[in-house]
Amino acid sequence: MIDNVSTIVSLSLQKISRTMITQDAATTKLESKDIKPTANRILVMQALMSAGRALSLFDIESAIGTLDKSSIFRTLNLFLDKHAVHGIYDGSGSMKYEVCDSPGQCSDSDMHVHFYCRKCHRTICLKDLTVPSIRLPENFKAEYKNYTVMGLCDRCSG
C-alpha cells in the first residue's frame with residue numbers, strides 16, 4: 001500500500017521539491033528518531049526532506065494532496081516531540097517545519113538563520129549562517145532560538 005501512495009504523492013511533491021527523497025531515506029530518518037514509519041509519517045517526512053526548505057502545514061497539505069490537515073498536523077506534532085523536525089516562526093503567521101539534521105535532539109548546529117521573502121512568502125534556510133549566541137540575564141533559560149531575516153529573495157528582488 002505504501003508504494004501505491006508513494007507513487008501518487010511523488011507527482012505532487014515535484015511542486016515543492018528540489019530533489020525527490022526516496023521512501024527508504026524517509027523511513028531511515030524516522031527510525032533514527034524512534035518514530036514508527038507508517039504510510040502517513042513517511043509521506044510527510046518525504047515532503048519535508050524533498051523540499052530543502054521550511055514548509056508550512058498548508059505547503060505540506062498541498063504537496064501531498066492525499067492526507068487531510070488534521071492527520072498532517074498530528075504527524076508534525078509527533079515529529080516535533082521526537083525532535084525529527086523543528087518549528088520556525090518566520091513572521092508569516094504560520095509555523096514552518098524543517099527536518100533536524102542532528103541525531104537525537106535538535107542541537108545548536110540545527111539552528112541557522114532563515115530568510116522570509118515577503119513577496120513570494122517562501123522561507124529559505126541559510127544553513128551557512130548560524131544563529132548568534134546571546135548572553136541572557138541571570139535565571140533566564142533559553143528553550144528555543146529563532147533568527148529570521150525578512151525582505152525580498154533573489155527571485156523577487158530583481
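Just so it is clear, the model here is predicted, and its values are computed rather than measured.
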**Asked** Does H121 reach the side chain of C117, with side-chain heavy atoms less than 4.5 Å apart?
**Response** no
**Request:** Consider only side-chain heavy atoms of I, L, V, M, F, W and Y, link residues closer than 4.5 Å, and tell whether I124 and L152 are in one cluster.
**Result:** no
**Prompt:** Is it true that V131 and M150 fall in one hydrophobic cluster, defined by side-chain heavy atoms closer than 4.5 Å?
**Reply:** no
**Request:** Kindly give the heavy-atom pair with the smallest separation between T123 and H114, and that separation in Å.
**Result:** CG2-CB, 4.0 Å
**Prompt:** Which of these, D90, T148, D59, sits in a side-chain hydrogen bond (donor to acceptor under 3.5 Å, both in side chains) with K96?
**Reply:** D90
**Asked** Do the side chain of K33 and the main chain of H83 share a donor and acceptor less than 3.5 angstrom apart?
**Response** yes
**Prompt:** What closest approach, in Å, do D34 and K82 show between heavy atoms, and which atom pair accounts for it?
**Reply:** O-NZ, 3.6 Å
**Fill in**
Distance col, row R53:CZ vs L48:CG, nearest 0.5 angstrom, shows 10.5 Å
**Those residues that, when tested against F58, pass ring pair (Phe, Tyr, Trp, His ring centres under 6.0 Å) (two or more places apart)** = none
**ILVMFWY network linking I72 to L43, side-chain heavy atoms under 4.5 angstrom** = yes
**Request:** Can you see which heavy atom on V113 is nearest to which on T130, and at what distance?
**Result:** CG2-O, 3.8 Å
**Message:** With a sphere of 6.0 Å drawn around CG of L136, does it hold more than 12 non-hydrogen atoms of other residues, nucleotides or ligands?
**Reply:** yes
**Prompt:** Where is the tightest heavy-atom contact between I35 and A84, given as atom of each residue plus distance?
**Reply:** CD1-CB, 3.9 Å
**Asked** How close do F79 and R41 get, heavy atom to heavy atom, and via which atoms?
**Response** CZ-O, 3.5 Å
**Request:** Spell out, as yes or no, whether a donor-acceptor pair under 3.5 Å connects the side chain of S71 to the backbone of L67.
**Result:** no
**Message:** Is it the case that over 12 heavy atoms from other parts of the model lie below 6.0 angstrom from the CG atom of D128?
**Reply:** no
**Prompt:** Y116, V149: one ILVMFWY side-chain cluster at the under-4.5 Å cut-off?
**Reply:** no
Enumerate donor-acceptor pairs with a distance under 3.5 Å from any side-chain N or O in residues 24-31 to protein atoms, sequence neighbours excluded.
from, atom 1, to, atom 2, distance (Å)
T27, OG1, Q23, O, 2.9
T28, OG1, D24, O, 2.9
K29, NZ, C100, O, 2.9

**Prompt:** Which heavy atom of E98 sits nearest a heavy atom of I88, and at what distance?
**Reply:** OE1-CD1, 3.6 Å
**Donor on one side chain, acceptor on other, Y97 and H86, under 3.5 Å** = no
**Asked** Among pairs that include at least one residue of residues 111-120, which meet salt bridge (charged side-chain N to carboxylate O under 4.0 Å, His left out), considering only residues two or more places apart or in two chains?
**Response** none
